[in-house]
Amino acid sequence: MIQAELERFRTAHPRCLVEHARARGSLFGGVPMPWMMLWAGGYPVAVAEASGSRVTCVDGVEFVDLCLGDTGAMAGHAPAPVLEALRAPRGITTMLPTEDAAWVGEELARRFGLPRWLFTLTATDANRTALRLARQLTGRPKVLVYSYCYHGSVDEAFAVSEGGRTVSRAGNVGPPVDVAQTTTAVEFNDVGALEAALATGEIACVLAEPAMTNMGIVLPEPGYHEALRELTRRHGTLLVVDETHTFSAGPGGCTAAWALEPDLLTIGKAIGGGVPSGALGLSAEVERRLLSAEGADYVDTGGVGGTLAGNALSLAAMRATLGAVLTDDVWEHTIPLAERFADGVRAVSEWSVTQLGCRAEYRFAEARNGTEAHAASNPELERYLHLHALNRGVLITPFHNMALMAPTTTAADVDRHTEVFAEAVSSLT
Ligand SMILES: Cc1ncc(COP(=O)(O)O)c(C=O)c1O
């Protein structure tokens, strides 16, 4: 069935194939960024235009896009207010602040509740910075993460727990040191393992997505976040909440929706409407401790910051996105669409469907942590489903089975997925 779909893809996308053949002459794997090798067609569709919730390829095929750049385009592709801001930015990069910076800081503080912010270019950078600051403040060596988490290309996070030991995740490319030296991995939703790890006194911070989103969605069990906050406080460990994907839960992510109280908060991707942007929020107490830490160089070569971080262009994009695109009311439109997606999948399959705000996923078995979610994945089946959808004009993420709703997504877009998905399930059964 995969072979038949691959043939169908090749027939429909001859110009994409020509583009790919050319790109193979100069690009690693024939793509600008290695993840793009993962698209199910064997080569990616080459984009002619992406606008709102639609992507059109160079063969003139139009897709309903539920992948949305794996959250980078959760605001919809090329939203008009962002394009407007990009047309007349206050410069592009100067290593000086613009008025947009304080506006964005105030808006992020309003939404997420943390009073101080600094900017990066990606969520990965925000996470790396958070880990440095946490080690600086606590003087402790290790970071606690959940097995099969993903926080960007952050060395400490490529770790899993195996029989109580922390080991490198399979496929980890060139780890700088043995991950067991830097990281303790525990299972999500396991309060006992969390408590035991924190009791060692070695953990500078917990780096946590409030709900896991990178092995499909795994929601926290009742009481888990209360325990996480209480235990981290009790053991002097900082809590870093990564809202990069869980921003789907609402205008202030899960932090606002579930009244979480992180010490540091990281975010990227969607907040710039697709323009490289990242941000790191700090509690008042963390800021106070950072500023009083003797000998810490935050302004030059201490390892915090980047030449282009906080540049005028990305701040203009963040202001336009937060001020005029992903406004508070948008989730009233997008959350019901994710519900509609989830209902559609449930109506035609018995697979497990999970939703987090405007994001929904299906997987082939229930999971309460990353290891169970990993065990429930089925790459061949996923590839077939992705390819089948791709051949019928629907893009979902090439990783697991995620669909995301933008302000521009319509009920008809979701119904198109349901129709195609029903056809795929019936072809399988
Ligand atoms: C939860 C989470 N945090 C951080 C990142 C890193 O984002 P970026 O690759 O844009 O730096 C990702 C990327 O998928 C993510 O899923």
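Each ligand, and each atom within it, is numbered from 1 in the order the structure gives. Model, not experiment: these values are computed from the prediction.
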Within 4.0 Å of some non-hydrogen atom of Thr244, the atoms of ligand 1 are 2 (C), 3 (N), 4 (C)
Would you mind running through ligand 1 and noting each atom that sits below 4.0 Å from a heavy atom of Asn127? 3 (N), 4 (C)
Looking only at protein heavy atoms, which one is nearest to atom 3 (N) of ligand 1, and how far off is it? Asp242 OD2, 2.6 Å
So the salt bridge (charged side-chain N to carboxylate O under 4.0 Å, His left out) pairs with at least one residue in residues 357-374 (sequence neighbours excluded) are Glu221-Arg368
Between Arg111 (side chain only) and Leu322 (backbone N and O only), is there a donor and an acceptor less than 3.5 Å apart? yes
Ligand 1 versus Thr71, non-hydrogen atoms closer than 4.0 Å: side chain, backbone, both, neither? neither
Under 4.0 Å, heavy-atom basis, I'd like to know which part of Thr124 is in contact with ligand 1: side chain, backbone, both or neither. both
Does any N or O atom in His245 lie less than 3.5 angstrom from one in ligand 1, N or O only? yes
Between Glu202 and Arg140, is there a salt bridge with N-O shorter than 4.0 Å? no
Atom 14 (O) of ligand 1: which protein heavy atom is closest, and how many Å away? Lys269 NZ, 2.7 Å
Arg24 CZ: over 12 foreign heavy atoms closer than 6.0 Å: no
Partners meeting salt bridge (Lys or Arg N to Asp or Glu O under 4.0 Å) with Glu226 (sequence neighbours left out): none
Between Tyr384 (side chain) and Glu5 (backbone), is there a donor-acceptor pair under 3.5 Å? no
Are Arg340 and Asp343 ion-paired here, with the side-chain N under 4.0 Å from a carboxylate O? no
Which of the numbered atoms in ligand 1 are under 4.0 angstrom from any heavy atom belonging to Asn214? 1 (C), 15 (C), 16 (O)
Identity and separation of the nearest protein heavy atom to atom 1 (C) of ligand 1: Glu209 OE2, 3.2 Å
Would you mind listing which atoms of ligand 1 come within a distance below 4.0 Å of any non-hydrogen atom of Thr122? 11 (O)
